[in-house]
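Sequence lines set the chain letters: A, B, ... in the order given, protein chains first and strands last, and positions in each chain run from 1.
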2 protein chains.
Amino acid sequence: MTVREKIERLRAELRAEGLAGFLVPRADEHQGEYVPPRAQRLAWLTGFTGSAGLAVVLLDAAAIFVDGRYTLQVRDETPGDVLEPRHVTDSPPADWLRSRLRPGDRLGYDPWLHTIEGVERLQAACARAGASLVPVPVNLVDRIWADQPPPPRGPIVPHDQKHAGRPSPDKRREIGDLLATAGVDAAVLTAPDSIAWLLNVRGDDVAHTPVPLAFALIHRDGTVDLFVDPAKVTPGLREHLRDGVRLEPPDALGPALDRLGAGRRTVQADPAGAAAWVFQRLAAAGATVTRAPDPCLVPKARKNDVELAGARSAHEKDGVALCRFLAWLAREAPRGELTEIAAAARLDALRAEEPLFRDVSFPTISGAGPNGAIVHYRATPRTDRRIAPDMLYLVDSGAQYLDGTTDVTRTVAIGTPTAEQRDRFTRVLKGHVALATARFPKGTTGSQLDVLARAPLWAVGLDYDHGTGHGVGSYLSVHEGPQRISKVGSAVALQPGMILSNEPGYYKAGEYGIRIESLVVVVALPTPPGGEVPLYGFETLTLAPLDRALIEPALLAPAEVAWIDEYHARVRQALTPRVDAETAAWLARATEPLSARPPRGGAGP
Amino acid sequence: MTVREKIERLRAELRAEGLAGFLVPRADEHQGEYVPPRAQRLAWLTGFTGSAGLAVVLLDAAAIFVDGRYTLQVRDETPGDVLEPRHVTDSPPADWLRSRLRPGDRLGYDPWLHTIEGVERLQAACARAGASLVPVPVNLVDRIWADQPPPPRGPIVPHDQKHAGRPSPDKRREIGDLLATAGVDAAVLTAPDSIAWLLNVRGDDVAHTPVPLAFALIHRDGTVDLFVDPAKVTPGLREHLRDGVRLEPPDALGPALDRLGAGRRTVQADPAGAAAWVFQRLAAAGATVTRAPDPCLVPKARKNDVELAGARSAHEKDGVALCRFLAWLAREAPRGELTEIAAAARLDALRAEEPLFRDVSFPTISGAGPNGAIVHYRATPRTDRRIAPDMLYLVDSGAQYLDGTTDVTRTVAIGTPTAEQRDRFTRVLKGHVALATARFPKGTTGSQLDVLARAPLWAVGLDYDHGTGHGVGSYLSVHEGPQRISKVGSAVALQPGMILSNEPGYYKAGEYGIRIESLVVVVALPTPPGGEVPLYGFETLTLAPLDRALIEPALLAPAEVAWIDEYHARVRQALTPRVDAETAAWLARATEPLSARPPRGGAGP
């Protein structure tokens with residue numbers, strides 16, 4: 001079926017149900033970033049494969065809303081004459097709905113695939129048009145998707161204490177106490193990574209993130225009901241969870257919520273993460289529903305010392321693989337024979353040589369020339385481009401090691417970069433260094449720091465249309481909250497042990513893309529003499545050289561040069577003993593102090 | 001009557017009304033910063049004269065809640081054995097009430113003196129204790145305040161088009177259109193500065209802010225009902241307002257709201273500014289009440305070209321007065337005979353020599369040595385301190401000129417500053433310069449920029465406990481919203497024409513205070529070559545030298561030195577032709593380039 005045919009089939013279902021439209025988000029029941037094939041309804045229906053988006057299909061119109069990362073991609077993948085592509089913040093779904101719905105219209109949605117906050121926003125938009133938003137018990141896409149895959153059944157295994165650093169009963173007691181203090185009887189957990197963290201387990205249900213798709217209830221006494229497909233339960237898991245965790249099948253969740261309601265319990269769920277279905281079921285059963293963030297979020301984000309040691313070790317391994325790749329690239333790329341896909345395959349293979357490697361943490365982004373300007377580019381045979389001289393090449397990649405999750409972007413010049421490219425790269429680097437060296441009082445949020453990374457671009461009228469930093473898990477999600485560094489306000493202060501990315505960029509559509517991304521961890525700094533407030537800063541975890549050919553020293557302050565030189569010395573020291581001689585020789589040149597730069601031949605303004 | 005006697009009298013009223021307590025905020029019906037003597041109920045009842053606070057008087061307990069600025073002052077002014085002093089954020093009124101109210105208790109409040117959002121917060125606190133919050137038709141303090149002053153009757157006069165820059169009918173049409181677009185029939189205006197801006201009038205009802213205390217209704221057709229005491233209406237005003245503005249007495253407001261309700265109109269009011277009374281009356285009358293910010297806020301904040309020309313002219317006048325003062329201070333202070341009050345009087349008198357001067361824009365803060373560390377210090381005969389050598393002196397002052405409002409802080413060293421003072425001053429200055437030179441894309445909020453002003457202090461573990469910038473009106477309030485530069489998130493983007501203060505500081509309790517404050521205006525910058533986003537920046541309006549003796553050049557980057565030298569050159573050029581020879585000679589020395597600094601004798605680390 002073509003996209004047009006699928007949309008027409010969906011419209012037939014709409015007419016049969018007396019609906020004016022149906023919402024198709026790129027979301028599963030867990031609001032996870034990676035969704036199993038079964039839940040790829042948006043991609044199946046529209047062709048759009050990005051990691052965030054919403055299609056709204058009305059009887060006589062249809063649109064697909066994506067964010068700044070995907071405005072180019074959506075035009076490539078989805079027929080614009082069937083679904084109108086729209087920028088989700090410039091022209092939000094609420095506005096589009098308000099102008100198209102008519103009084104009395106009923107717009108359908110699947111209450112498992114939307115958060116309660118999302119539902120309420122759309123309800124308000126419908127109400128302004130005199131229309132209503134109605135939950136639909138069976139997803140209408142599932143009805144027309146003949147060969148929809150089954151739910152995944154990845155085995156759930158214990159996560160070793162030597163990597164987790166803290167026993168699960170300890171964690172459960174902490175969360176139970178938090179609930180008791182808040183006067184709450186139980187919390188519904190719908191985020192697989194929260195459940196994985198809480199129980200020290202890992203799963204294999206979705207790509208690149210070692211989590212089990214599951215739901216859980218944690219009670220104020222610290223006991224847990226875990227709702228999972230019995231087929232996923234390994235014998236080792238039963239042993240691991242033997243005290244205080246009850247295993248139940250997924251369809252026992254509804255009745256469990258009903259019992260809480262019948263007992264007039266106060267139950268907490270995350271309005272930004274849990275499915276609207278959870279709130280609706282609890283309320284219908286008579287529970288007092290409290291909206292509060294997932295109680296595991298902050299404890300999970302604050303990595304313990306064992307997790308931090310693991311992160312440092314994971315980054316050494318990752319640095320070895322990336323440096324071997326970059327050295328190889330420096331040798332091979334000038335011949336002009338490499339392609340994006342071949343390069344990504346090589347990098348993935350080098351990472352896979354590490355014994356603790358389990359998976360890449362997301363599909364490697366390997367973008368040459370103009371493809372580097374597509375923020376979440378993924379090379380396909382159709383788009384695969386040769387990495388040729390006089391091009392910038394951007395590679396954003398990471399891995400899941402048993403002891404930690406990595407995520408790193410480096411941009412390198414193949415051949416001679418232009419003066420403009422060096423200017424832009426150096427401005428991105430200045431922002432990266434400003435954040436890496438930031439010192440800030442306890443209580444500061446990532447939103448307050450965001451400007452530091454953007455100011456050097458802003459100075460010349462440039463910017464980038466994505467956040468500056470996202471949280472990263474510990475052998476868990478490569479994107480985790482609540483910490484972030486972003487233009488958007490955040491109420492969560494940065495705390496020691498939180499890992500985040502530091503990734504400013506610059507993208508010139510149709511020409512080149514630049515991003516410099518390292519992971520950092522929030523650390524408490526010693527109070528300087530005379531200092532009055534507790535001070536935090538960042539330690540950079542990622543170990544990989546920054547392309548000196550792209551750095552314009554005239555744009556750097558002495559302190560910036562010093563930071564880059566010290567960083568390079570640290571990279572060299574950490575990785576040289578662990579790489580082959582050829583890579584070590586490349587690494588020695590790549591990490592020379594900026595002052596040692598030999599006169600450049602062909603390049604320059 | 002003593003405070004104790006007044007509290008006992010109030011309790012007698014409580015018993016007569018069957019109330020468990022009564023709330024006495026430092027607020028008037030307009031939630032203004034300056035309140036008329038009649039509305040100084042908190043000061044009359046408790047003795048506390050700060051600009052923000054709340055007393056809660058129960059039958060068997062009483063407390064007064066103040067913020068961090070006033071924790072020392074409240075202990076001075078209010079008997080602690082009658083009203084327990086409490087920090088409003090560390091131990092909020094809601095917590096205190098929750099632990100003291102009993103089920104069934106009725107806590108009274110005057111619905112004219114609280115916003116609807118404030119009432120709802122307190123209602124929730126009462127509900128948790130099983131108590132209720134009830135509006136009281138006549139303020140109980142008014143009943144026992146025998147010699148309560150009458151409401152002010154300052155004449156209302158037209159604000160000349162040559163200063164306002166835009167005819168009132170234009171403004172009214174713009175606001176009316178905004179309401180029509182939002183589907184609203186009318187908006188209730190309770191902020192005197194919004195009414196003054198909208199109608200191009202000024203008043204004389206409160207100290208330091210030339211506004212008339214009044215209420216208004218603006219309808220979607222752009223017509224206005226203005227509710228004011230007829231005694232304040234001058235003949236010129238009637239002429240000025242003749243088209244589209246209906247004058248009515250204050251007690252006609254209630255019936256006007258009732259008529260809107262009877263007509264089933266949709267009426268808008270500001271939940272953060274309008275009295276709860278407005279919402280309650282509208283709802284009771286049957287109106288659909290929409291909560292939205294005062295529609296005049298943003299248009300008022302974006303000064304037009306005439307207002308901006310006025311602001312520049314006002315700042316030249318203000319610079320002349322301040323420079324004459326600083327030159328005089330440089331001659332007189334080393335003798336050690338000047339006091340804070342005498343210095344403030346001299347400065348106020350110099351400002352008053354300007355023909356367009358109407359008032360100071362707030363009581364001058366004149367703080368020597370440790371008094372400079374009290375952020376909202378006001379010298380009194382009891383605290384008045386001699387300005388002596390080897391002290392820092394902080395002076396924060398401003399004026400209301402017919403063509404603009406000013407607000408400026410300079411900190412000067414009397415004699416030789418210490419190395420620590422020079423370090424701290426230079427860090428505050430670096431923050432001030434970083435903000436003054438910031439370039440940022442359209443859509444950026446002040447909250448995003450706040451860190452620029454703090455980073456140099458954060459670097460050494462220091463900070464300041466106040467915002468970095470507040471909006472400033474045009475011959476209106478010296479503190480106006482919605483624009484601000486603050487750690488606290490803001491949803492309002494900075495827009496060209498908005499005037500704000502740029503005022504980082506550092507305060508060492510018991511020793512000295514440093515603040516550097518200039519007003520800036522948001523301006524659109526030309527797009528740099530290759531720039532892609534519309535770029536804004538700030539133009540500094542304030543013209544007054546920064547004390548070179550407090551600047552440590554070793555801490556400054558070349559671009560910072562260049563900005564300071566250029567700023568000083570601009571100050572010298574603008575003011576020299578307008579000051580006496582003695583001041584001009586001082587100004588020439590005070591504005592020399594930093595590189596011209598003669599070797600310093602006694603000072604240094």
Show me, pair by pair, the donor and acceptor atoms from chain B and chain A that are under 3.5 Å apart.
| from | atom 1 | to | atom 2 | distance (Å) |
| --- | --- | --- | --- | --- |
| R439(B) | NE | A459(A) | O | 2.7 |
| R439(B) | NH2 | A459(A) | O | 3.2 |
| A459(B) | O | R439(A) | NE | 2.6 |
| A459(B) | O | R439(A) | NH2 | 3.2 |
| G461(B) | O | E532(A) | N | 2.7 |
| G461(B) | O | V533(A) | N | 3.0 |
| Y506(B) | OH | E532(A) | OE2 | 2.4 |
| E532(B) | N | G461(A) | O | 2.7 |
| E532(B) | OE2 | Y506(A) | OH | 2.4 |
| V533(B) | N | G461(A) | O | 3.0 |

Open item on the list: For V460(B) versus L535(A), what's the shortest heavy-atom pair and its separation?
Closed with: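 For V460(B) and L535(A), the tightest heavy-atom pair comes out as C-CD2, 4.4 Å.
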Task: Among the listed options P528(B), G461(B), G443(B), G183(B), the residue most often paired with chain A at heavy-atom distances under 4.5 Å - done: G461(B)
- [ ] Please list, chain by chain and in numerical order, all residues satisfying ring-ring contact (aromatic ring centres under 6.0 Å, His included) with F440(B), sequence neighbours excluded.
- [x] F538(B)
